[in-house]
Amino acid sequence: MQLEFTCNGRPVRMQADGSMRALDLLRDLLGLTGTKEGCGRGECGACTILVDGSPVNACLLYAAKLQGRAVLTVEGLAKGEVLHPLQEAFLEEGAVQCGYCTPGLLLSSKALLDRVPHPTDPEIEQALSGNLCRCTGYAKILKAVQRAADRAGRGDGTSRRGREAGR
Amino acid sequence: MSAQPVNTGELAVVGARVRKVDGRELVTGQARFAADLRFPGLLYASARRAGVPAGKLVEVDPSPALRLPGVVAVLLARDIPGPNLIGILPPFDQPLLAAGEVRYEGESLALAVGVSREEARRGAAAVRARIEPWEPILTVEQALDPAARRIHPGGNVTYSKKLVKGDVAQGFAGAQVVVENTYQTSFQEHAYLEPEAVVAVPGGDGRITVYASCQSPFHLRGHIAANLGLPASRVRVVQAYTGGSFGGKDDVATEIGALAAIAAVRLGVPVMIAHEREESIIGSNLRHAARIRYRTGALRDGTLVAGEAEILLDGGAYASESPFVTMKAMIHAAGPYRVPNVRVESTTVYTNKTYCGAFRGFGVPQVTFASESQMDELAAALGLDPLELRRRNALRPGEGTATGQVFTQSVGIGRTIERVAEKAGPRPMGPKPAEGPPAGAQPATDGGRYLYGRGVACLLQGISNGAEGIDVVGASVQMAQDGSALVGVGLTDMGQGSRTVFAQVAAEALGVDITRITVRQVDTDAVHDSGPTVASRSTTVGGTAVLKAAREVAGSLRSMAGLMLKCPPEAVRLAEGFAMLEADPQARIPLAEVATAAYWSGFPLMHLAFSRAPDARFDHETHQGDIYIAYNFGTHLMDVRVDRWTGKVKVLRHLAAHDVGRVVNPLGLEGQVEGGSLIGFALAHLERIDTEGGHIRNANFADYAVPSILDRLPTETLVVEEPSPAGPFGAKGVGEPPVAGAAAAFANAVADATGLRFTRLPITRADIAAALAKEV
Ligand code: FES
Ligand code: FES
């Protein structure tokens, strides 16, 4: 079928089998291998991409479903050489070990911060509970998301923890 | 080990909290893992699995598969040019493709090659296999029955060893208190997030390159070459970015690496094998399930006088690392204590189940759970505080381990106990402590739904190959004229951060910023064979080799700078990217200028250095002697809250103190401790491979409970630095030890909270709820 959607801000127009997995379309046809496969069954989150801003398991998504949508993969997070604040925070906090879970975690985190700029710990846990990581033990991932949220700031000069303490 | 002082002077990069040197490509999606690689003409291959645990393989018929469109070829055992064998310790016992006999359900029988992954899988499924099933041997008891069918020609005992120190009979005769129990642990899956993958690419020059997600590329190269019937020089293995391994991507990587290479050579095109999750669980090694009978004797003041253990490991269908796991479990069975009389028998047997091998901790988590449960049972019998009992028995410098090995320094177990004691604070209590019973003697409770408890566990973990063989690492350091340096070591980074550690060590020795260092990925054409990446040895043995090589290069730079600054080389210091006069740091020359001058003057700027751990020297009958170059020592504490109704356990507090010799990168260290602890916690509470009739029933992440962020531990890493002469700047590895500490502390905390001693891991929520329900 003829597929038209935007991927990482760029328009994509292509012929593809609509019944293939979005994961394979991204990896095999568009060469975007940053999106990983860990289980192929919606159980690990390694294949998480954003479709119109919402996290989706690309291993469970038909390519046809991308029609007319805006897709974001890990390759679209940085602006040129400048890393996204979440990418910076993941490196700074040591939230990356083998890095196989990282693309999915970055995108789930981005979807959360876009929706809730200053999430609480339970909100972060909830948003990331579908993304498995076998290496880090998760504490540093949580810290990285907090850090990115803090850094995004609120423009009122207070840090998130300062605000929470004051609540 | 000699008592030479360890240099612990001021350091610039070692000890600093630095980012992963290869982090950027990982967060941007640019890092290429094996399954991300694409080559023109690439074909995919998939194995037909046996699906039955035991039987006579009568016939494998590829014709139905070959009739399918998109299936290019099917390889059978007879198509393998070499011996069709892989393994760790000769004689090897594991076929690439089964011939004649099926020993476990995941056995590969044939390899289908197709134009897409899907077509390869369909082809594999279509291969017809005629297997006359045999009654599978599923338990250790069945395997050891003298009348049992032999799974391998040599019988069903994979490996069996003894450790004898002193005289246990005499030790027990003098004991005033004796405790005894039998403990069990279950099979655990590595569950690295990246399933195994390899791509084999034939070259025009008669060589073949295999890109692999793997742990020990030189080991792959050897087996791939042998099974291709080629000399090793014709095979090149390049480690792709590897999405976790934890000991797991060794045998299976050799298996699929060799199969892909054979198919690629035969067809003359690149071939990829990428496992699905289910294959990854069923078709690659697990952590051994264990049964450990343990007896401990002590004097009334808590002094340990005798320890006796009988360790039985279920190793599944093939030997893999079983011989070494058998030994390592045995050597660690007495814990980090002074025990004058020890006797341990350790045996692994074959069964018709998925084979077991290396998994972070390598037998030590299983025995530590047993020995630390014993310590708590002993403390209870003696009415002693558990931490106090451990304190009284903790090894001190100059005292012998269970193998009689004496370390005169870097024996930090006592200090880890003290660190934990200082930090521990009051015992956990319910929200209404006033109404609860006094802490200590009985389980603390809030009088209602929750029980509170505290568990501690001490451990040791040997660093280096030790009794497993010679331990040599070769490292190269090469400085370019711009003052940057390239480091090559034959040890792999699978996420644990060894490239960052090597970069720090080289940067320190060369006096440059860490961003000036590049650490190669392992390519067998470009780095020196350094043995397997195992046994928490990278930092210690690998780091030492990097340090030696970097110091040689630094020597050249100092000589050159001495000529330029008109002073003897010894008066030159390398720091901040400059060569400077020790006495007058303002007199300095940028390193790039020195390197350029050295290049033109013929001072060598590349060096290859070796670090060789002293060979283990021990008696093979009793295992008395010097085994490891160092031990990592640790003490963990967990405070838990147990929900009486549901059995749910919440970890309120987790302290993890480790004697790491010297911290190289606090960020990496915490990452190892946090990640390793969660795997230990999962071993103790969440994860169990369930088998039924020789079939794994939970080969997916829905049924196999890998912890999510909701299960994370509140781990606080506490550091003790007792420098070791064996490692660079005194550093000792820390990859494996936290697993054992967290698992054992969890079990003790649950026992403390519930008043019930659970003797089998995992202690699941259901186990706890059921046991507590029986109590009332
Ligand atoms: S690969 Fe999609 S959720 Fe695991
Ligand atoms: S960093 Fe390896 S799985 Fe998360």
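A note on names: the letters A, B, ... follow the listed sequences, proteins ahead of strands, and every chain is numbered from 1.
- With respect to chain A, the highest number of heavy-atom pairs below 4.5 Å among Gly244(B), Ala191(B), Gly497(B) belongs to Ala191(B).
- Heavy atoms of Glu194(B) lying under 4.5 Å from chain A belong to its backbone as well as its side chain.
- Taken to the nearest 0.5 Å, the CZ atom of Phe33(B) stands 5.5 Å off from the SG atom of Cys98(A).
- Both the backbone and the side chain of Arg27(A) have a heavy atom closer than 4.5 Å to some heavy atom of chain B.
- Contacts of Leu128(A) with chain B are made by both backbone and side-chain atoms, with heavy-atom separations under 4.5 Å.
- Only the side chain of Phe246(B) comes within less than 4.5 Å of a heavy atom in chain A; its backbone stays farther off.
- The shortest side-chain heavy-atom distance between Cys133(A) and Leu193(B) does not fall under the 4.5 Å cut-off.
- For the set Thr715(B), Val706(B), Thr242(B), Asn700(B), the count of heavy-atom pairs under 4.5 angstrom toward chain A peaks at Asn700(B).
- Cys44(A) approaches Phe701(B) most closely through the heavy-atom pair CB-CD1, 3.9 Å.
- Per-residue heavy-atom pair counts under 4.5 Å with chain B were compared for Ala78(A), Gly42(A), Gly94(A), and the maximum is reached by Gly94(A).
- The neighbour count for Glu25(B) CD, taken as heavy atoms of other residues, nucleotides or ligands under 6.0 Å away, is above 12.
- Checking side-chain atoms of Arg134(A) against main-chain N and O of His190(B) turns up a donor-acceptor pair under 3.5 Å.
- Comparing Gly23(B), Ser677(B), Gly671(B) by how many heavy-atom pairs each has under 4.5 Å with chain A, the most go to Gly671(B).
- By number of non-hydrogen pairs under 4.5 angstrom with chain A, the leading residue of Asp22(B), Val27(B), Leu678(B), Leu26(B) is Val27(B).
- Using a 4.5 Å cut-off between heavy atoms, Ala274(B) makes no contact with chain A at all.
- Contacts between Glu88(A) and chain B at a heavy-atom distance below 4.5 Å involve backbone atoms as well as side-chain atoms.
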Exercise for review: Step by step, work out the side-chain contact (heavy atoms from CB on, under 4.5 Å) result for Lys140(A) and Arg712(B).
Suggested key: CA-CA 10 Å; Lys140(A) 294 196 179 310; Arg712(B) 78 182 184 290; over 6 Å; no
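- Only the side chain of Gln30(B) comes within contact range of chain A, with at least one heavy atom under 4.5 Å from a heavy atom of that chain.
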Review point. Are Arg117(B) and Asp24(A) close enough, and set up right, to give a salt bridge (Lys or Arg N to Asp or Glu O under 4.0 Å), and what steps lead you there?
Key: CA-CA 11 Å; Arg117(B) 212 164 308 170; Asp24(A) 298 327; 5.3 Å; no
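- When Thr102(A), Val96(A), Asp28(A) are compared by the number of non-hydrogen pairs under 4.5 Å with chain B, Val96(A) comes out ahead.
- Considering CD of Glu118(B) and CZ of Arg21(A), their distance stands at 8.0 Å, rounded to 0.5 Å.
- Looking only at heavy-atom pairs under 4.5 Å with chain B, the residue among His84(A), Glu81(A), Glu37(A) that has the most is Glu81(A).
- Look at Glu674(B) and Lys143(A) and you find no salt bridge, because none of the NZ, NE, NH1 or NH2 atoms lies under 4.0 Å from a carboxylate O.
- With values rounded to the nearest 0.5 angstrom, Asp711(B) atom CG is found 10.0 Å from Ser129(A) atom OG.
- Listed for the Glu125(A) side chain is no donor-acceptor partner under 3.5 Å among the backbone atoms of Leu710(B).
- Taken from SG in Cys135(A) to CE in Met494(B), the straight-line distance is 10.0 Å, to the nearest 0.5 Å.
- Residues Leu83(A) and Arg24(B) meet the side-chain proximity criterion, which asks for heavy atoms closer than 4.5 Å.
- In this structure, Lys36(A) pairs ionically with Asp36(B), as a charged nitrogen and a carboxylate oxygen lie closer than 4.0 Å.
- Contact annotation for Pro714(B): neither backbone nor side-chain heavy atoms come within less than 4.5 Å of a heavy atom of chain A.
- Between the Gln97(A) side chain and the Gln496(B) main chain, no donor and acceptor come within less than 3.5 Å of each other.
- Expressed to the nearest 0.5 Å, how far CE of Met20(A) lies from OG of Ser116(B) amounts to 9.5 Å.
- At a 4.5 Å heavy-atom cutoff, His275(B) makes no contact with chain A through either its backbone or its side chain.
- Note: Ile709(B) CD1 to Asn131(A) CG = 8.5 Å, rounded to the nearest 0.5 Å.
- In terms of modelled atom types and a separation under 3.5 Å, the side chain of Tyr100(A) and the main chain of Pro195(B) share no donor-acceptor contact.
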